[in-house]
Amino acid sequence: MKITLIKPNIGRMEHSLYVDEARMEPLQLGVLAALTPPDVEVVLYDDRMETIPYDEPTDLVAITVETFTARRAYEISAEFRQRGVPVIMGGMHPTLIPEDAAPHADAILTGDAEFVWSHVVEDAQRGRLQPRYTADVGRVQPGTPTRRDIFQGKGYLPITLVQFSRGCRFACEFCAVSAYFGQTHLVRNVREVVEEIEAQERRLIFFVDDNLLANHAAAKRLFRELIPLKIRWVSQASIDMTQDRELMQLMVKSGCLGHVVGFESINPPSLRGMKKTPNLATAGEGYAEPIRILKNHGLQIWAAFTLGHDSDTLDSIRRTLDFALHHKFTFAAFNILMPYPNTPLYRRLQAENRLMYGGKWWVHPQYRFNYAAFQPAQMTATQLTRACFEARSQFNSISSIFRRAWDFQTNMRSLYRFALYLTYNPLFRKETFKKQGMKLGLRHEH
Ligand code: SF4
């Protein structure tokens with residue numbers, strides 16, 4: 001038996017698919033490959049930079065679907081199904097809104113694949129694929145180290161992705177992760193994580209956890225075990241980490257270079273509205289104390305903002321940009337607030353009749369990447385789209401990259417840090433302009 005794993009692209013530029021030059025290994029497909037019995041052949045095709053050979057013989061196609069890649073995933077699925085090959089879809093999007101994905105696949109898998117994938121393979125082998133597999137959430141990758149051989153030769157960024165935990169204990173209104181996991185947070189066995197890192201060659205690791213520090217005690221156990229490995233690593237974490245001195249020290253000792261930090265907003269009423277509880281204690285003072293602590297520990301900050309909350313104005317978006325420039329953040333993401341299906345935000349905007357594109361922006365032929373998909377309270381959708389693009393453009397301008405480099409606590413702390421800064425800032429600058437306004441999917445419809 002042969003299974004073909006697919007990572008779909010987001011969309012197209014002019015008449016061809018967008019090529020993501022900052023692409024990372026699709027970790028979830030490496031885990032799926034590892035869960036597959038060894039006598040089953042597994043191949044991976046990554047639609048972000050390679051052509052999918054639809055006519056190559058295969059017995060089952062498994063597509064991982066995020067909301068932004070749903071439209072393209074449905075196109076790919078249609079190609080295989082036309083050729084009589086069964087398709088199963090799983091991932092965040094089919095779990096959040098199974099009824100959207102179900103008509104486009106022979107089967108959908110909701111929840112974490114660990115707990116049902118062996119049944120899927122058995123059923124496919126017998127030609128009896130069920131329309132729906134529902135997995136419980138449970139311990140992450142129990143006894144399952146990622147299969148990394150399927151990533152080889154595909155030109156991914158030279159950084160190894162590893163997962164320690166899934167989910168988050170907070171419940172931010174817009175967050176798809178919180179909607180998926182229902183505020184549960186599950187961690188892997190520390191020994192298995194360490195063995196997985198030891199089994200590969202790279203010294204730079206990205207922990208893809210939604211909030212690596214959602215459980216401080218578990219994170220400390222991990223960091224103690226990481227210290228002897230002498231790796232360097234980055235991750236994503238909520239800003240309340242700075243209140244735990246021991247956690248900060250262990251983090252740095254274990255090789256942490258920095259985090260994606262969800263600031264989301266500098267506007268306390270917006271934070272209260274979105275229920276971003278880990279930020280509330282320090283936002284009022286402009287996050288001065290946590291930023292001081294992060295910098296004193298030499299941590300580089302990738303600041304993530306969501307813009308377009310009901311208390312946001314065009315002026316507050318401009319002030320958010322000034323805040324990011326002032327602190328010389330290593331990177332920053334000025335994301336438009338997106339109504340992901342079945343999140344509390346989506347349901348509220350739906351009840352208030354504020355969703356655009358018929359509520360299904362992810363498959364709408366007119367929707368463009370990085371465009372607002374709802375009516376904001378204090379500006380028009382077009383103004384919000386423009387203001388976010390303006391913030392991204394200014395933060396990633398050549399002069400900003402030059403000015404932000406001059407921070408001796410972080411970006412110029414060492415040659416290595418400076419090299420990372422200089423490698424990734426121009427790359428992200430290029431992607432910012434390339435992606436803006438891209439159409440979703442490949443097929444042309446008007
Ligand atoms: S802290 Fe981050 S991961 Fe957790 S619910 Fe909020 S946005 Fe989601």
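Fair warning: this is a prediction, and the values are worked out from it, not measured in the lab. By convention here, the first residue in the shown sequence is residue 1. As the structure lists them, so they are numbered: ligands from 1, and atoms in each ligand from 1.
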J.: Of Phe329, Phe395, Phe428, which meets ring pair (Phe, Tyr, Trp, His ring centres under 6.0 Å) against Trp302?
T.: Phe428
J.: With heavy-atom distances below 4.5 Å as the criterion, would you say the side chains of Tyr340 and Met92 are in contact?
T.: no
J.: May I ask you to test the Leu345-Phe374 pair for a side-chain heavy-atom distance under 4.5 Å?
T.: no
J.: So do the side chains of Leu294 and His297 get within less than 4.5 Å of each other, counting heavy atoms only?
T.: no
J.: Would you call Arg348 and Asp310 a salt bridge, using N to O less than 4.0 angstrom?
T.: yes
J.: Less than 2.8 Å from atom 6 (Fe) of ligand 1 is the window; count the protein N, O or S atoms in it.
T.: 1
J.: With a 4.5 Å cut-off on side-chain heavy atoms, are Cys175 and Phe170 touching?
T.: no
